[in-house]
Amino acid sequence: MRTAFINQLTEVAKTNEKIFLLVGDLGFSVIEPFAEQFPDRYLNVGIAEQNMAGIAAGLAMEGYCVYIYSIGNFPTLRCMEQIRYDICYHNLNVKVVAVGGGYAYGSLGASHHATEEIGMLRTIPNLIVSAPGDPEEAKAITTFCSNHIGPCYIRLGKAGEPIVHSKTIKLAIGEIIPIETDYPVAVFSTGSMLKYVVDFIKNNNIDASVYSFPFVKPIDKGALLTMIKKHKKIITIEEHQAQAGFGSAILEAANDLYSNGQINKFPLIKRIAIPDQFYSVAGSQQYLREMAGIKLEISDF
Amino acid sequence: MNKSYETKNLAKEIRKWSLQMVYNAKASHIGGALSMVDILAVLYNDILNIDPSNSKNPQRDRFLLSKGHACTGLYATLALKGFFPIENLTTYAQDGSIFLSHTNHHIPGIEISAGSLGHALPVSCGLALAAKRKKADWKTYCLVSDGELDEGSNWEAILFAPQHKLDNLILIVDYNKIQSLGTVKEVIDLHPLKEKLEAFRWEVYEVNGHDHQVLKSTFEKARDLNGKPKVIIANTIKGKGISFMEDKLLWHYKSPSEAQYNEAINELNIQ
């Protein structure tokens, strides 16, 4: 996903001369294509994320479309107040990119597990929060963010994620991507859970609808309303804490639709997410997902 | 329409309006506003390339006040320089006013909202970097308090600026030696500040932050020196200009009573 991101950013930067990339001394064997082609619009600011976010705000004030790039919690939690106040309060054209969403850096431990940042970021006004599901979505989100004037967050996986979407996609703000729509039980997936969901359904010969949510905020309310009306059960799945995450966003939206009278029955929604707990053992991404209970059960369908 | 003030009179008027705002709103932070008044008066009268009728001119110099709690001083300066009508200041801290008790970027002439400390210097580095990359001539000036140098983010920026030879960046430290709950020496001593900043590869000037002539010539020197970022340590007095407020911790938070307000204005009028 990070390769898809940097390749797409490099492509976009060929025609969009406002693109500027700041990195926090991370991105070895990732960011080089951009750095080599656009040295005037690239800078490694060092291991100083608060400063990086502030510098991004300053560059954006002068018209640049600034991407800041680092691992998981570093360009997000570490500089949360700069994101809120310098970037989002001033509504500046800065894109925060975190590589290693969820347990992608499994064995590196809790410091490198980005499992709360969506919850924190989705409360901030003006900020678009995205978590692409595969390299194609990562490309589409990168294009979207480069065209959108205003702050965005992009949660990437790592490298080597398989492609789910066989075709190039284009995304409008808040768009939900339908993959299967004909069955009563629907799985709503965000971020890099998508491949797992698609494989689980296929390998177990399950009849289920699947939707990918590359945006956690905003979510296309009209499309969501149609989906909630159509499906008898919804399962949300995410590699993030259950509190304030993607499932929470769906619950809140469903509740608003119900209390507004747009639906007359509250939908059955099961959330699959990380419980209120840390894990202090080494493990692959897959191992940690299972330990945290981020898995579908055949009995869910 | 706008009066043009000699720097000395501009400083006096800024002090009067700052006091009036703080008094009317029963607000805090008059001490730190008064300590930086002379710096603002010199900058806005003699140094900054700015046009009040075109506050977003791309070629303007950028001035960022990091100690946003001292906003009354900046609001008064901008009004007196003609960025907006002076009457607007009477809405300070009133319901619905854009004149918040911390700087607000929705006000003409204000580059950045600041209230949380340690934010404006990293942003100033971004501005200075943008000017470098665009080969633009304008300068970025950033004024920080001494207390806010406790913030690590400032030191990230202080490391960054010389690394990238941001000689279009001029930092000013309003070194009034008093922070929120005590003196700087008692809380987190910055001494020796000049040597620290020199060791961080900045060109450092240490001046009397109330001497207009010295401030002006130092700003001119700093502006014109190439090769590295510049910092002016302005030794100031908290509450400067009002004898009973000078160098008193009390006036970081306290708002003047009616009698104190009248006494302060009288004192300014005879200066």
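Proteins get letters first, then strands, A, B, ... in listed order; numbering begins at 1 in each. Since this is a predicted model, take the numbers as computed values, not measurements.
- Listed options B:Lys132, B:His106, B:Lys134, B:Gln163 were ranked by heavy-atom pairs under 4.5 angstrom with chain A; first place goes to B:Lys134.
- For the atom pair A:Asp86 CG and B:Ser113 OG, the distance stands at 9.5 Å (nearest 0.5 Å).
- Residue B:Lys165 places its NZ atom among 12 or fewer non-hydrogen atoms of other residues, nucleotides or ligands, all under 6.0 Å distant.
- Of all heavy-atom pairs spanning B:Arg133 and A:Asp40, the tightest one is NH1-O, 2.6 Å.
- Residue contact with chain A, scored on non-hydrogen atoms closer than 4.5 Å, involves the backbone of B:Glu111 exclusively.
- When the candidates A:Ile55, A:Val66, A:Val45 are compared by the number of heavy-atom contacts under 4.5 Å with chain B, A:Ile55 comes out ahead.
- At least one side-chain heavy atom of B:Phe160 sits under 4.5 Å from a side-chain heavy atom of A:Leu43.
- With a 4.5 Å cut-off on non-hydrogen atoms, B:Leu159 does not touch chain A at all.
- Interface residue A:Glu81: backbone and side-chain heavy atoms are both found under 4.5 Å from chain B.
- Judged by distance alone, the side chain of B:Glu156 and the main-chain N or O of A:Asn51 form a donor-acceptor pair under 3.5 Å.
- In this structure, A:Tyr85 contributes its side chain and B:Ala114 its backbone to a donor-acceptor pair below 3.5 Å.
- The 12-atom threshold is not exceeded at CD1 of A:Ile149, counting heavy atoms of other residues, nucleotides or ligands nearer than 6.0 Å.
- Heavy atoms only, all atoms of each residue included: A:Asn44 and B:His164 are closest at O-NE2, 4.3 Å.
- Atom CZ of A:Arg84 sits in a sparse spot, with 12 or fewer heavy atoms from other residues, nucleotides or ligands closer than 6.0 Å.
- You'll find the side chain of B:Leu129 stays beyond 4.5 Å of the side chain of A:Tyr64, heavy atoms only.
- Counting heavy atoms from C-beta outward, A:Glu62 and B:Trp138 have side chains that approach closer than 4.5 Å.
- With a 4.5 Å cut-off on non-hydrogen atoms, A:Tyr89 touches chain B through its backbone and its side chain both.
- Considering only heavy-atom pairs separated by less than 4.5 Å from chain B, the leading option among A:Gly54, A:Ala57, A:Ala56, A:Ala53 is A:Gly54.
- Within 6.0 Å of atom CZ in A:Arg122, more than 12 heavy atoms from other residues, nucleotides or ligands are found, so the atom counts as buried in its surroundings.
- For A:Lys217, the NZ atom is densely surrounded, since the number of other residues' heavy atoms within 6.0 Å is greater than 12.
- Residue B:Asp189 qualifies as enclosed at atom CG: its count of foreign heavy atoms under 6.0 Å is above 12.
- The environment of CD in A:Glu17 is sparse: at most 12 heavy-atom neighbours from other residues, nucleotides or ligands sit within 6.0 Å.
- Distance check: B:Cys125 SG to A:Met52 CE gives 14.0 Å after rounding to the nearest 0.5 Å.
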Q: Go through the steps for B:Ser153 and A:Gln82 under the test side chain to side chain contact (heavy atoms under 4.5 Å, CB included), then give the verdict.
A: CA-CA 10 Å; B:Ser153 53; A:Gln82 279 78 11; 4.2 Å; yes
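- Under 3.5 Å, the side chains of A:Gln50 and B:His119 contain no donor-acceptor pair of N or O atoms.
- Only the side chain of B:His105 comes within contact range of chain A, judged by heavy atoms closer than 4.5 Å.
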